[in-house]
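Heads up: the structure comes next, in structure tokens.
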Amino acid sequence: MTLDPDTARRLRDGMARGVLSFPLTSFHDDGSLDPDGFRAHVAAQIATGPGALFPACGTGEFFSLDEDEYRQVITIAVEEAGGRLPVVAGIGYGWAQAVRFARIAEEAGADALLVLPHYLVAAPQDGLVAQLEQIAARTRLPLIAYQRGQVAFGVDAFRRVADIPGVIGLKDGHSDLDRLQRLTLAAPEGFLFFNGASTAEIQARAYATVGVPAYSSAVHAFAPEIANTFFTALRDGDDGTVEKLLRDFYVPLVELRDRVPGYAVSLVKAAARLRGRPVGPVRAPLTDPSAADLADLERLLASGLDLVGADL
């Protein structure tokens with residue numbers, strides 16, 4: 001496969017410039033895909049200046065999309081991006097199904113692929129490497145591996161992953177900084193890393209200490225004003241602003257998120273709806289927040305926006 005050597009550079013430049021946007025996938029109240037709502041949401045996300053766009057990933061409910069819906073989502077994201085920033089499409093399940101999604105993303109014009117953790121089963125290190133080898137051999141798009149859940153690379157396996165033609169980066173969701181430091185030290189020059197922990201801002205300073213300053217931001221999907229203020233403060237060493245946002249917004253958000261499984265996505269969508277964004281409900285097996293939790297979310301969101309001089 002022939003890879004575009006410019007993609008890694010564009011991603012690196014974008015990761016230094018802004019947070020990584022993981023847009024929500026819009027659904028109608030009956031659960032059907034809302035392409036117009038998604039287009040409006042993506043356009044609004046791009047207008048706030050993220051470093052890259054990652055449609056149909058975890059926050060975008062990749063796991064609930066069929067192949068036709070996936071094609072629409074990636075096509076819209078590519079059209080709205082218009083080449084101004086990289087579009088990295090999520091793919092997943094076993095490698096055979098991941099390749100089907102990879103081909104759709106390639107046809108739709110995506111720049112790269114984020115390989116989400118495989119479905120259900122635990123696997124040995126050799127199998128984790130083989131999964132990426134099988135996908136990389138069948139797409140011309142660069143791959144970013146995502147270690148989270150049942151996917152966790154040891155140093156030896158990681159070296160093999162980094163040697164796979166087409167694998168250009170690693171997203172980490174384990175927050176094991178000892179392991180991650182070992183991986184960054186073992187990586188070839190130019191290999192990309194970014195922080196993919198839930199509510200990544202909570203651990204952004206810690207990740208930066210092991211050489212991983214870039215991160216994805218779910219908050220950007222509903223409050224880019226907060227996400228961008230935090231990113232700028234972190235980049236510029238404004239510890240006062242970083243700590244105030246952590247203490248008064250991000251930590252309470254995590255506490256609210258942890259009340260119910262799936263709230264890492266459901267709360268994000270609910271917060272976007274509170275701001276009038278056309279994203280609709282989540283799809284089962286996720287559930288929308290309870291009335292009490294939604295009320296707490298609305299108060300927290302208004303308070304967080306006030307911290308950065310924005311309105312609900």
Side-chain angles (χ1 to χ4, degrees), residues 1-11 14 20-27 32-35 38-39 42 46 52-121 123 127-151 160-171 192 196 216 283:
M1 298 287 181
T2 301
L3 298 173
D4 179 2
D6 194 46
T7 300
R9 180 194 60 78
R10 293 179 64 213
L11 280 167
L20 305 175
S21 169
F22 283 67
L24 301 156
T25 299
S26 300
F27 300 121
S32 61
L33 184 69
D34 178 5
F38 180 69
R39 186 179 294 277
V42 168
I46 292 172
L53 196 69
F54 287 69
C57 294
T59 306
E61 298 179 79
F62 165 78
F63 52 84
S64 76
L65 300 176
D66 67 27
E67 291 182 14
D68 180 63
E69 292 168 334
Y70 178 85
R71 184 183 301 275
Q72 293 182 68
V73 164
I74 304 306
T75 298
I76 290 169
V78 170
E79 290 174 351
E80 290 302 314
R84 292 173 290 170
L85 73 171
V87 175
V88 183
I91 61 172
Y93 307 114
W95 69 259
Q97 187 66 19
V99 167
R100 291 176 65 92
F101 283 101
R103 288 171 180 159
I104 294 170
E106 186 173 330
E107 292 166 2
D111 297 292
L113 303 168
L114 177 66
V115 183
L116 303 171
H118 64 269
Y119 172 68
L120 191 60
V121 296
L128 298 181
V129 175
Q131 164 91 336
L132 291 166
E133 288 174 336
Q134 294 288 349
I135 297 169
R138 292 166 171 81
T139 179
R140 66 173 183 81
L141 296 182
L143 304 180
I144 297 170
Y146 187 4
Q147 62 170 13
R148 186 170 182 162
Q150 67 269 35
V151 177
R160 293 164 60 195
V161 166
D163 284 341
I164 298 171
V167 176
I168 63 171
L170 177 73
K171 178 181 180 182
L192 305 176
S216 58
R283 275 182 173 173

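If you're wondering where the values come from, they're calculated on a predicted model, not measured in any experiment.
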I need the minimum non-hydrogen distance between [X] and [Y], along with the two atoms involved.
X	Y	value
Ala123	Leu128	CB-CD2, 4.0 Å
Ala56	Ile74	CB-CD1, 3.9 Å
Trp95	Ile135	CB-CG1, 3.9 Å
Val73	Pro55	CG1-CB, 4.2 Å
Ala145	Leu132	CB-CD1, 3.9 Å
Pro23	Phe38	CB-CE1, 4.3 Å

Compare all side-chain heavy atoms of [X] with those of [Y] and state whether any distance is below 4.5 angstrom.
X	Y	value
Arg283	Leu65	yes
Ser216	Phe54	no
Thr139	Glu106	yes

If you measure from [atom1] on [X] to [atom2] on [Y], what distance do you get to the nearest 0.5 Å?
X	Y	atom1	atom2	value
Leu192	Ile144	CG	CD1	6.5 Å
Lys171	Cys57	NZ	SG	6.5 Å
Leu143	Thr7	CG	OG1	11.0 Å
Arg39	Gln72	CZ	CD	10.0 Å
Thr75	Glu107	OG1	CD	9.0 Å
Thr25	Glu69	OG1	CD	9.0 Å

Keeping [X] on the side-chain end and [Y] on the backbone end, is there a donor-acceptor pair under 3.5 Å?
X	Y	value
Ser64	Glu61	yes
Asp111	Pro86	no
Arg140	Ala136	no
Arg138	Gln134	yes

Checking side chain to side chain contact (heavy atoms under 4.5 Å, CB included) against Ile91, which of Ile104, Leu113, Leu116 comes through?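 Per the side chain to side chain contact (heavy atoms under 4.5 Å, CB included) rule, the option paired with Ile91 is Leu113, out of Ile104, Leu113, Leu116.
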When Leu141, Leu53, Leu11 are each screened for side chain to side chain contact (heavy atoms under 4.5 Å, CB included) with Val88, the one that passes is Leu11
Electrostatic pair Arg103:Glu67 at N-O distance under 4.0 angstrom: no
Answer yes when Asp6 and Arg9 have at least one side-chain N-carboxylate O distance shorter than 4.0 Å, and no when they do not. yes
I'd like to know whether the aromatic ring centres of Tyr93 and Phe62 sit less than 6.0 Å apart in this structure.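 Ring-ring flag for Tyr93/Phe62: true, centres closer than 6.0 Å.
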Between Phe27 and Asp34, does a side chain to side chain contact (heavy atoms under 4.5 Å, CB included) hold up when you go through it step by step? CA-CA 5 Å; Phe27 300 121; Asp34 178 5; 5.6 Å; no
Going by the angle between their ring planes, with limits at 30° and 60°, are Phe101 and Tyr70 parallel, tilted or perpendicular?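 Aromatic pair Phe101/Tyr70 classed perpendicular.
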